[in-house]
> 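One structure coming up, written as structure tokens, with questions to follow.
Sequence lines set the chain letters: A, B, ... in the order given, protein chains first and strands last, and positions in each chain run from 1.
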Amino acid sequence: MNIFARLHSDLLSILNELSAAKILPPDMRTDRISVESPRDSTFGDMSSNAAMVLAKNAGMKPRDLASLIVEKLEALPVVATAGIAGPGFINITLATSAWHDVLQTVLAEGPKFGASTIGAGEKVNVEYVSANPTGPLHIGHARGTVFGDVLASLLENVGYDVAREYYMNDAGTQVDVLARSAHLRYREALGEDIGEIPSGFYPGDYMIPVGRALAEKFGDKWVNAPESEWLAEIQGFTVDAMMALVRDDLAALGVNQDNFVSEKALVAAGKVESVHAALTARDLIYTGVLEPPKGKKPDDWEPRPQELFRATAFGDDVDRPLRKSDGSWTYFASDIAYHLDKFERGYGKLIDVWGADHGGYVKRMEAATKAITDGGAALDVKICQIVKLMDDGEPIKMSKRTGTFVTLRDLVDEVGKDVVRFIMLTRSNEAPLDFDLKKVTEQSRENPVFYVQYAHARCHSAMRLATDAFPELSTERKSLVTSELTVLDDSAELALIKVLGAWPRAVEGAALAHEPHRIAYYLQELSAEFHGLWTKGRERPELRFIVENNAGKTQARVALVRAVQIVIESGLNILGVEPVKELR
RNA sequence: GGACCCAUAGCUCAGUUGGAUAGAGCACGACAUUCCUAAUGUCGGGGUCAGUGGUUCGAGUCCACUUGGGUUCACCA
């Protein structure tokens with residue numbers, strides 16, 4: 001149950017009554033009416049703009065309309081008081097019993113509290129990582145990977161049918177380079193001295209085992225063979241090996257994607273030709289010459305007639321090439337084919353998670369998706385800004401040569417998957433992020449991962465101690481559902497329950513806005529409220545969770561602690577972070 | 001030069017899709033430990049929301065322009 005959604009629907013019923021009584025017009029616009037918690041909690045628990053939104057339409061002053069609504073709101077059992085403030089806000093304070101009901105709902109629903117069905121089973125495709133299969137993942141991939149994975153979980157949580165997808169760019173020149181690099185390592189594995197890896201090849205040590213495996217499988221048959229004979233086979237073999245590395249890296253971060261879609265397979269299946277035909281049929285392709293970029297003309301620029309897609313007809317700044325000057329397809333062409341493929345597989349909602357360096361690519365992809373699906377697919381491209389790796393305030397220089405922490409795996413080994421996942425969501429995706437190796441492992445208030453984990457561990461600690469004091473007390477949520485909760489009447493306790501009550505709304509908001517970082521922020525807020533209540537017990541012993549010689553009150557408090565634990569666990573599950581019961 | 005993102009407290013950043021007196025952490029100052037894990041908490045000072053104009057009952061939020069920073073810029077992926 002979402003308490004905000006409930007009040008919202010109660011409010012709409014009231015408005016309908018007023019409409020039936022001819023006070024409000026029948027065609028009133030209710031879509032802009034909101035029920036949310038006010039910034040300042042002294043205004044009450046909830047606040048609505050209904051009177052201000054409808055006033056003009058009803059031909060009334062906002063405050064006059066508000067008073068009619070307030071009268072009816074106050075008749076509701078869940079409402080303690082309602083009032084009018086400012087230009088026409090309706091402020092609502094809920095009955096204490098309503099908050100007890102919320103707490104009971106958390107216990108009754110358990111892990112399902114906060115989940116919803118607003119997605120209605122609609123198919124959503126979340127594409128993330130999609131690193132070129134030319135080596136292991138590095139830290140630059142970490143943010144988008146976590147972002148996409150958590151966004152997918154969020155959407156699942158609110159009832160969408162979600163696919164987690166990886167697009168493999170296993171076609172094009174970079175995989176040819178990869179195959180040549182593998183051939184070099186293959187010769188090396190057979191005893192040849194290959195010296196320094198020449199520039200233009202992938203130099204990484206991770207290619208050495210590939211060379212050995214090739215040597216084992218094929219012996220020396222391709223040592224002196226011309227490239228045309230071995231390229232295709234070694235390329236396939238090496239891409240498979242690279243994808244195995246990538247999957248291992250993803251697994252280390254707790255990521256398991258459903259689909260791995262091959263660009264090469266799309267091209268081989270003629271999908272790019274189909275796209276070309278489809279766009280041609282819509283008169284969206286022509287042969288033209290692009291202008292050089294203003295103010296930064298490349299030295300080797302020369303006018304080139306190319307086949308161009310009319311991206312400008314769909315909001316892009318210039319038309320974009322589908323074929324290179326040699327007539328072969330651009331990456332963009334196969335990317336259009338890929339997005340059409342997603343749409344044809346039944347996904348009406350598409351989400352792409354890209355790095356900041358691809359920001360300039362967004363408009364053309366949106367334009368192309370609009371064109372090729374005739375507006376049928378809704379594409380949202382989420383750009384993750386760069387992560388700066390720091391060590392105690394000092395930036396770490398990224399260098400592939402000296403390379404400390406170049407790879408994602410190294411980062412996970414150093415600080416752990418849970419820390420990486422959580423910290424990547426402590427900023428909006430559109431803001432740059434500092435990842436400080438020292439600070440993220442500190443056990444202090446500054447470190448949000450620790451802070452939230454500590455709150456969760458404290459919940460378990462409190463429940464353990466409660467059973468020590470009252471051995472007959474069960475801390476299982478199902479036993480706690482029937483607890484007598486009316487003893488929870490302190491404002492600090494109610495404040496904590498109110499934060500719990502906001503959880504379903506937080507999940508829904510984060511999912512619909514495609515902003516997973518809101519979950520991390522919510523968890524910090526809930527943890528702060530919980531730590532605060534805990535510490536209040538120091539000054540005011542009557543607020544402690546364990547009340548001597550009072551099993552009933554203790555049980556009510558434990559019910560609250562269990563509810564906090566349940567919601568933190570749900571939140572951490574969405575983030576893919578393990579909720580710990582004890583800290584070491 | 002164009003495009004995209006950013007600009008909020010000394011620092012790092014949130015800001016519930018346009019609501020009321022703009023929030024948190026750090027830092028700074030004061031305070032609380034015979035007390036469920038002090039690994040925490042409470043209180044306080046600190047703001048021209050980069051600037052100008054516009055849209056309306058109402059703008060940190062939307063629009064235009066200006067300034068400053070980041071990313072990116074024919075055919076690469």
> Describe the nucleic acid contact of A:His358 in one word from base, sugar-phosphate, nothing, applying a heavy-atom distance below 4.0 Å.
base

> In this structure, how many angstroms lie between the C1' atom of B:A24 and the CD atom of A:Glu446, rounded?
13 Å

> Measure from the side-chain heavy atoms of A:Arg364 and tell me the nearest of B:C75, B:A20, B:U37.
B:C75

> A:Asp357 side chain: which of B:U72, B:C75, B:A38 is closest?
B:U72

> Which is more 5' along RNA chain B, the nucleotide nearest A:Ser325 or the one nearest A:Gly360? Just name the residue.
A:Gly360

> Between B:G25 and B:G45, how far apart are the P atoms? Round to whole Å, please.
14 Å

> Stacking between B:A14 and A:Tyr521, yes or no? Criterion: centroid separation under 5.5 angstrom, plane angle under 30 degrees.
no

> Is any N or O donor-acceptor pair between the side chain of A:Arg538 and the base of B:A32 shorter than 3.5 Å?
no

> Distance between the P atoms of B:U48 and B:G10, in whole angstroms?
8 Å

> At 4.0 Å (heavy atoms only), tell me whether A:Glu302 reaches a base, stays on the sugar-phosphate, or touches nothing.
base

> Determine the interatomic distance between P on B:A20 and the same-named atom on B:U42; round to the nearest Å.
24 Å

> So which nucleotide does B:U12 pair with, by the Watson-Crick or G-U wobble rule with both distances under 3.5 Å?
B:A24

> Counting only N and O atoms by type, is there a donor-acceptor contact under 3.5 Å from the side chain of A:Gln453 to the main-chain atoms of A:Val580?
yes

> Determine the interatomic distance between C1' on B:U8 and the same-named atom on B:C43; round to the nearest Å.
24 Å

> With P as the reference atom in both, quote the distance from B:U17 to B:G54 in angstrom, rounded to an integer.
27 Å

> In whole angstroms, how far is the P atom of B:C5 from the CZ atom of A:Arg143?
15 Å

> Rounded to the nearest 0.5 Å, how far does CE of A:Met424 lie from NE2 of A:His517?
15.5 Å

> Does any donor-acceptor pair link the side chain of A:Asp170 with the base of B:A77 at a separation under 3.5 Å?
no

> Under 4.0 Å, heavy atoms only, any strand: does A:Pro87 hit a base, just the sugar-phosphate, or nothing?
base

> Is there aromatic stacking of A:Phe89 against B:G19, centre distance under 5.5 Å, plane angle under 30°?
no

> When the P atoms of B:A22 and B:G60 are compared, how many Å lie between them, rounded to an integer?
10 Å

> Give A:Ala506 one of three labels, base, sugar-phosphate or nothing, depending on what nucleic acid heavy atoms sit under 4.0 Å from its own.
nothing

> With A:Arg505 as the cation and A:Phe4 as the aromatic partner, state whether NZ or CZ is under 6.0 Å from the six-membered ring centre and within 45° of the axis.
yes

> From the list B:C75, B:G18, B:A38, which nucleotide is the closest neighbour of the side chain of A:Lys324?
B:C75

> Taking pairing as Watson-Crick or G-U wobble with both contacts under 3.5 Å, can you name the mate of B:G29, or confirm there isn't one?
B:C43

> On the side chain of A:Arg427, is there an atom forming a donor-acceptor pair with the base of B:C13 - under 3.5 Å, no angle test?
no

> Write down the distance separating the C1' atoms in B:C49 and B:U61, rounded off to the nearest Å.
10 Å

> Going by modelled atom types, is there a donor-acceptor pair between the base of B:A20 and the side chain of A:Ser47 at under 3.5 Å?
yes

> Per the atom types in the model, does the base of B:A38 pair as donor or acceptor with the side chain of A:His531 at under 3.5 Å?
no

> Taking the same atom, P, in B:U66 and in B:G1, what whole-Å distance lies between them?
11 Å

